[in-house]
Peer 1: 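One structure, as structure tokens, below. Some questions next.
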Amino acid sequence: MPELPEVEVLARHLQPLLPGKTIRGVQVCRAKVIQPDDAEAFCRALIGAKFTSLTRRGKYLLFQLHRPRSRVPFTLFGHLGMTGRMYLAPKTSALPKHAAVVLNLGRDNFIYEDTRYFGRLTLDPNAVADLGPEPLSADFQAAPFARALRRSGQAIKVKLLDQSLVAGIGNIYASEALFRARIPPRLAARRLTAAQVKKLRTAIRAVLTEAVRCGSTLPLNFGGTAGGLFYFGRAAGAPDYYEERLVVYDRAGRPCPRCGRPIRRIIQAARSTFYCPRCQRNAS
DNA sequence: CACCATGTTCCTTG
DNA sequence: CCAAGGAACATGGT
């Protein structure tokens, strides 16, 4: 469940739990999730290292580590793909069915599980090299954003998924931001007016900020047979606060909260886009 | 069986 | 060389 807000909430959750913990063992259950695909080297690099901090960049988690005696830090980069989860669990509890990598931290295990194994763990800083600005930081400035959009003929919805434009927007928040800015998803990026670009930038920040705030106030539940960590309403039986906050995503046929017309679903670049055909028209 | 899924990368085509 | 579109990756839910 990973777009910027989900990764941010996860980072805030794990941040106080990791610093000071030492990696005593590494179990690579599925070699394809580590990069490069060399479990031996990966384990050698991590065993004995100690966590110092955890931050986020786009949809990546940045685990800051150092070896004992060495002040030279290094970073483990984590990406959750579509279905990745990371959490601490007592070493006594059974590993989940789709465990990908398990770090032995002493009393607890750090578990990275991923049903579809689209996520990654890597020590290669290139993972993060081509990311655009952080949308919630001051680095996300209007002028460069506008310039980048002017250079692209791609539909704006598709362009928002380009992580080198802005980091962290995924398929859900691309639709949500465009609805909020009242911009039609198929409009070519270069056709946005200056006013629309400005509105879009504001909408992106608002939508992501709200999602983080919403996620941060939820109780973080461990447990269940999956041993998973749930916050955003995907857990069966868990309250669905998060889904309720989405205005257009996955709501085809249901009324637009603004005008009441049915929300429409279209396919762009092989992914679903949701929008209101009335509120998101040209020249708005 | 068919279709869908929060992401990224690679291949083909123009 | 670039842009755009689609398939592939792997598994599960409806």
Side-chain angles (χ1 to χ4, degrees), chain A residues 1-11 29-37 56-61 77-86 96-101 112-122 124 126-132 148-177 185-191 207-208 211-212 214-215 225-226 228-237 240-253 265-274:
Chain A
M1 42 173 70
E3 293 186 33
L4 183 150
E6 293 81 357
V7 180
E8 175 65 25
V9 172
L10 176 59
C29 310
R30 185 66 78 111
K32 73 153 282 195
V33 305
I34 60 172
Q35 209 139 76
D37 191 341
R56 178 194 58 74
R57 177 84 174 91
K59 299 173 193 175
Y60 284 84
L61 290 162
F77 301 87
H79 195 293
L80 296 170
M82 297 264 271
T83 52
R85 290 175 163 176
M86 294 180 184
K97 180 177 179 188
H98 298 294
V101 175
Y112 163 39
E113 68 163 314
D114 192 339
T115 313
R116 293 167 75 179
Y117 304 105
F118 286 176
R120 291 289 178 273
L121 282 181
T122 182
D124 182 357
N126 285 325
V128 147
D130 292 331
L131 293 179
L149 293 182
R150 254 181 272 128
R151 271 188 271 114
S152 172
Q154 233 171 0
I156 185 60
K157 152 60 166 44
V158 177
K159 192 66 191 168
L160 287 179
L161 300 179
D162 177 352
Q163 300 298 296
S164 69
L165 174 70
V166 190
I169 300 174
N171 205 40
I172 292 176
Y173 294 105
S175 283
E176 295 293 320
R186 280 175 289 205
L187 187 60
R190 69 164 63 98
R191 300 251 186 256
V207 156
L208 296 177
V212 170
C214 171
T225 47
L229 167 63
F230 313 125
Y231 10 76
F232 289 142
R234 282 294 183 190
D240 226 15
Y241 306 99
Y242 175 69
E243 296 286 307
E244 284 168 17
R245 298 193 62 82
L246 297 180
V247 180
V248 289
Y249 183 80
D250 204 20
R251 296 180 67 87
R265 170 178 178 265
I266 58 173
I267 301 298
Q268 294 181 283
R271 325 259 338 245
S272 292
T273 298
F274 299 87

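Every chain is numbered from 1 and lettered A, B, ... according to where its sequence line falls, protein lines coming before strand lines.
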Peer 1: Backbone N or O of A/Val158 within a donor-acceptor pair of the A/Gln268 side chain at under 3.5 Å?
Peer 2: no
Peer 1: Is a donor on one side and an acceptor on the other found under 3.5 Å between the side chain of A/Gln154 and the backbone of A/Ala189?
Peer 2: no
Peer 1: Students often get this wrong, so: under 4.0 angstrom with heavy atoms, is A/Phe118 touching a base, only sugar-phosphate, or nothing?
Peer 2: base
Peer 1: Hey, does the side chain of A/Lys59 come within less than 4.0 Å of B/dG7's phosphate (OP1/OP2), counting only N and O?
Peer 2: yes
Peer 1: Using the P atom on both, measure C/dA7 against B/dA2 and round to a whole Å.
Peer 2: 16 Å
Peer 1: Just by distance, do the side chain of A/Ser175 and the backbone of A/Phe274 share a donor-acceptor pair under 3.5 Å?
Peer 2: yes
Peer 1: Mind checking A/Gly119 for me? I need base, sugar-phosphate or nothing, with any heavy atom below 4.0 Å counting as a touch.
Peer 2: nothing
Peer 1: Can you measure A/His79 atom NE2 to B/dT8 atom P for me and round it to whole angstrom units?
Peer 2: 4 Å
Peer 1: Expressed in whole Å, how much space separates the C1' atoms belonging to B/dT8 and C/dG13?
Peer 2: 22 Å
Peer 1: In whole angstrom, what separates A/Asp250's CG from B/dT6's C1'?
Peer 2: 11 Å
Peer 1: Could you give the distance separating C/dG6 and B/dC3 at their P atoms, to the nearest angstrom?
Peer 2: 16 Å
Peer 1: Within the structure, does a side-chain N or O atom of A/Thr83 lie under 4.0 Å from either OP1 or OP2 of B/dG7?
Peer 2: no
Peer 1: Identify whether any heavy atom of A/Arg120 sits under 4.0 Å from a base atom; if not, whether one sits that close to sugar-phosphate; answer base, sugar-phosphate or nothing.
Peer 2: nothing
Peer 1: Would you kindly compare A/Ala270 and A/Arg151 by the position of their nearest DNA chain C nucleotide and give the one closer to the 5′ end?
Peer 2: A/Arg151
Peer 1: Could you list the protein-to-nucleotides 10-13 of chain B atom pairs, N/O on both sides, closer than 3.5 Å?
Peer 2:
none

Peer 1: Using the test side-chain hydrogen bond (donor to acceptor under 3.5 Å, both in side chains), find all partners of A/Asp130 that sit at least two apart in sequence or belong to another chain.
Peer 2: none
Peer 1: With no hydrogens and no angle check, is any side-chain donor or acceptor of A/Arg120 less than 3.5 Å from a backbone partner on A/Ala127?
Peer 2: no
Peer 1: With sequence neighbours left out, what residues match A/Asp124 under salt bridge (charged side-chain N to carboxylate O under 4.0 Å, His left out)?
Peer 2: none
Peer 1: Nearest whole angstrom, please: distance from the P of B/dG7 to the CG of A/Leu131.
Peer 2: 14 Å
Peer 1: Looking at every strand, decide which applies to A/Lys159 at a 4.0 Å heavy-atom threshold: base, sugar-phosphate, or nothing.
Peer 2: nothing
Peer 1: Let me know the distance between CG of A/Leu246 and P of B/dT6, rounded to the nearest Å.
Peer 2: 12 Å
Peer 1: In whole Å, I'd like the distance from the CG atom of A/Leu165 to the P atom of B/dG7.
Peer 2: 15 Å
Peer 1: Please answer whether the main-chain N or O of A/Ser152 pairs with a side-chain N or O of A/Arg150 as donor and acceptor at a distance below 3.5 Å.
Peer 2: no
Peer 1: Nearest 0.5 Å, please: how far is OG1 in A/Thr83 from NE2 in A/His98?
Peer 2: 8.5 Å
Peer 1: Verify, without hydrogens or angle tests, whether A/Glu3 (side chain) and A/Lys59 (backbone) share a donor-acceptor contact under 3.5 angstrom.
Peer 2: no
Peer 1: Roughly, in whole Å, what's the span from CG in A/Leu161 to C1' in B/dT9?
Peer 2: 14 Å
Peer 1: Can a side chain N or O of A/Arg265 be found less than 4.0 Å away from OP1 or OP2 on B/dC4?
Peer 2: yes
Peer 1: Check the side chains of A/Ser272 and A/Arg265 for a donor-acceptor pair under 3.5 angstrom, ignoring hydrogens and angles.
Peer 2: yes
Peer 1: Does A/Arg116 make a side-chain donor-acceptor contact with the base of B/dA5, cut-off 3.5 Å?
Peer 2: yes
Peer 1: Could you tell me whether the side chain of A/Asp114 and the main chain of A/Ala100 form a donor-acceptor pair under 3.5 Å?
Peer 2: no
Peer 1: Students should find this one: the first and last nucleotides of DNA chain C, 5' to 3', lying under 4.0 Å from a heavy atom of chain A. What are they?
Peer 2: C/dA4 to C/dG12
Peer 1: For A/Ala188, give me all partners under side-chain contact (heavy atoms from CB on, under 4.5 Å), at least two apart in sequence or on another chain.
Peer 2: A/Arg191
Peer 1: To the nearest angstrom, how far is A/Gln268 atom CD from B/dA5 atom P?
Peer 2: 13 Å
Peer 1: I'd like to know if the side chain of A/Gln163 and the backbone of A/Gly168 have a donor-acceptor N/O pair within less than 3.5 Å.
Peer 2: yes
Peer 1: Please give, in whole Å, the distance from B/dT6 P to A/Glu176 CD?
Peer 2: 13 Å
Peer 1: Kindly express the pairing pattern of DNA chain C in dot-bracket notation, using | wherever a base pairs with another strand and counting only Watson-Crick or G-U pairs under 3.5 Å.
Peer 2: .||||||||.||||
